[in-house]
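Chain letters run A, B, ... following the sequence lines, proteins first, then strands; residues in each count from 1. Just the heavy atoms: all of them, side chains too, but no hydrogens, waters or symmetry mates, feed the values below.
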Number of protein chains: 2
Amino acid sequence: MHSPHHLDEMLPRKARLHLLVRDGPVPAPSSARKVQCSACHLRRICLPAGLSESELERVDDRLVTSLRKVAHGQTLFRAGDRFNALFQIWTGFFKTVIGSSQGREQVTGFQMAGDLMGVDGIDMGLHSVDAIALEDSQVCVIAYEDIEALGRELPPMQRHLHRIMSREIVNDHAAMLRLGSMFAEERVAAFLLSLSDRLRTRGFSPSSLVLRMRREEIGSYLGLKLETVSRTLSKFQANGLLFVCQRQIQITDPAGLKHVLDGVTA
Amino acid sequence: MHSPHHLDEMLPRKARLHLLVRDGPVPAPSSARKVQCSACHLRRICLPAGLSESELERVDDRLVTSLRKVAHGQTLFRAGDRFNALFQIWTGFFKTVIGSSQGREQVTGFQMAGDLMGVDGIDMGLHSVDAIALEDSQVCVIAYEDIEALGRELPPMQRHLHRIMSREIVNDHAAMLRLGSMFAEERVAAFLLSLSDRLRTRGFSPSSLVLRMRREEIGSYLGLKLETVSRTLSKFQANGLLFVCQRQIQITDPAGLKHVLDGVTA
DNA sequence: CGCGAACTTGAGGCGTGTCAACCCCTGTGG
DNA sequence: CCACAGGGGTTGACACGCCTCAAGTTCGCG
């Protein structure tokens, strides 16, 4: 039924921990005391295209004031915390969670390098979700006032922030479609394809994914129980769509995964 | 079990069609050829607080270029349409729908007077949802370039737009919590309370609501089938929480409705 | 080496979907 | 003025997808 090629790639696991590590040397913003967005490997994601030299200088001067490390399992901010800065992920991986006070939890999203976190706090001046690091991470701290001011001075920056927030809204609508109108298999397929897409955008392999989150967190995000997520992944493997080895997933038949979604997307 | 007071208010139905109509005369922006945001009854919702006289003039001069009527059942824009303007509802009621191409539909939100629509299109330059009028409506058309320019000139306007988009993100997260972590009764209760809240914010009665959407549309928004929505409303009525009369709902026990949510919210 | 967390897999139960009948209200045309 | 058609809503019986509960496995870590 399924073709076992690439199966060798799945073992041994420890040897593949570097799968998602960048392949070139990384300019270290912390080394120079002042953060240099213009030299950052993520500038194509974090900054709008087509900024002039002088504009880039202004960004370097005023945008990122500091770098903050967040250890695996620690929170960057909690629901209810006072809002005054946005956070752009430099390295690492986060989840955002709502309603964690005591009852049920709902994961509202997973964020990776280049993603912006914290815009949920702009409206009320208070954060509305917990942001929790799923691995040791580093984030660029951007004072909200600074990005406001920069947006007024540089129209491309203004447009860029609008686009980021717009994209988050569109993503949330896609999440609502998953949660409201799809079967378990469709939700998991959509989740994997979305993750694969985001990895490709960042220059990583779209077929080799290392999940940074547990089954329970995937389930919360998709409105399923962890057992259902596990069963669904097993079924996909049985159908030859992918190989599962703990948190590493090798997509062998992306077209087949998309086919699971037929009838929903269009 | 339930107390039948206010039952008389439910009949006859035709006599109550004016329930949600404003109680004062409405300044008509279309009468003066130029739209006057500064005189609009919705200015406390559409505009940031604390604008000076001269700033208000600038808003009047440059923000709203035209008014557009959308008949009941017609679309304001469709997914895939080119984006170039935002729409602020002046009168009426809309739903936004994703994935309507042919398969399943997911309602992503309901919008009423004062709500801004169309920000989903900023990112890709294309709208990602259909916006459909649930009753005869009128919307203020705001060219995106104009609101960008105004944001650069007037920091409160810039902040205002950011807050609106942030609020939409927070709302979407609440929707994800409903869809991913709640039982049918909890979803319906949360929906009614949210609607009640938005009506109060606009100065309407929070206990007398006239639903502008069908059961099927409520169900889509909540990830339920119309029969489940209907059954749940009937059960709430049997439990004395509210009275249902077609699309009119009288909330008689808001605390009881909130109690349905206990264990989820906190 | 042994413990615990994360994951997998199976069996059975429950909440919601499915299907269908019926009612109400509205609009239309004879 | 009434007959009729059609859309929206309600309610019931049954089916099914996912949840619940539980046992067993693998992996990581002290």
Problem set entry | Whole-Å gap separating P (C:dT9) and NZ (A:K235) | 14 Å
For this session: Rounded to the nearest angstrom, tell me the gap between atom CD in A:Q237 and atom C1' in C:dT9.
Result: 14 Å
Seminar exercise, completed: Taken to the nearest whole Å, CZ/B:F183 to P/D:dC19 is 10 Å
Problem set entry | Whole angstrom value for the distance that separates P of D:dC16 from CD of A:E185 | 16 Å
Exercise. Between B:Q106 and B:L179, which heavy-atom pair has the shortest distance, and what is it?
Worked result: NE2-CD1, 4.4 Å
Problem set entry | Heavy-atom closest contact (A:E217 atom, A:K95 atom, distance) | OE2-NZ, 2.8 Å
Exercise. Mind checking whether A:F110 and A:Y221 have ring centres under 6.0 Å apart?
Worked result: yes
Exercise. Does the separation of the ring centres of A:F77 and A:F87 fall below 6.0 angstrom?
Worked result: yes
Exercise. With a 4.5 Å heavy-atom cut-off, do B:Q74 and B:I132 have their side chains touching?
Worked result: no
Exercise. How about B:L209 and B:Q250: do any of their side-chain heavy atoms sit closer than 4.5 Å?
Worked result: no
Exercise. Where along nucleotides 6-11 of chain D does protein come under 4.0 Å, by heavy atom, of base (B) or sugar-phosphate alone (S), with - for untouched nucleotides?
Worked result: --SSBB
Problem set entry | Any donor-acceptor N or O pair under 3.5 Å, side chains B:S220, B:E105 | no
Problem set entry | Rounded distance (Å) that lies between atom C1' of D:dA15 and atom NZ of B:K225 | 15 Å
For this session: Give the intermediate values and the outcome of side-chain contact (heavy atoms from CB on, under 4.5 Å) for residues B:L222 and B:T228.
Result: CA-CA 10 Å; B:L222 297 177; B:T228 305; over 6 Å; no
Exercise. Just how far, in rounded Å, is C1' of C:dC25 from CD of B:Q248?
Worked result: 15 Å
Exercise. Touch check for A:G223, heavy atoms < 4.0 angstrom, all strands: base, sugar-phosphate only, or nothing?
Worked result: sugar-phosphate
Seminar exercise, completed: Rounded to 10°, the angle between the first-five-pair and last-five-pair axes of the helix from C:dC1-D:dG30 to C:dG30-D:dC1 is 30°
Problem set entry | Test: A:R167 and B:D120 ion pair at under 4.0 Å | no
Problem set entry | Value in whole Å for how far the P atom of D:dT20 lies from CG of A:L224 | 11 Å
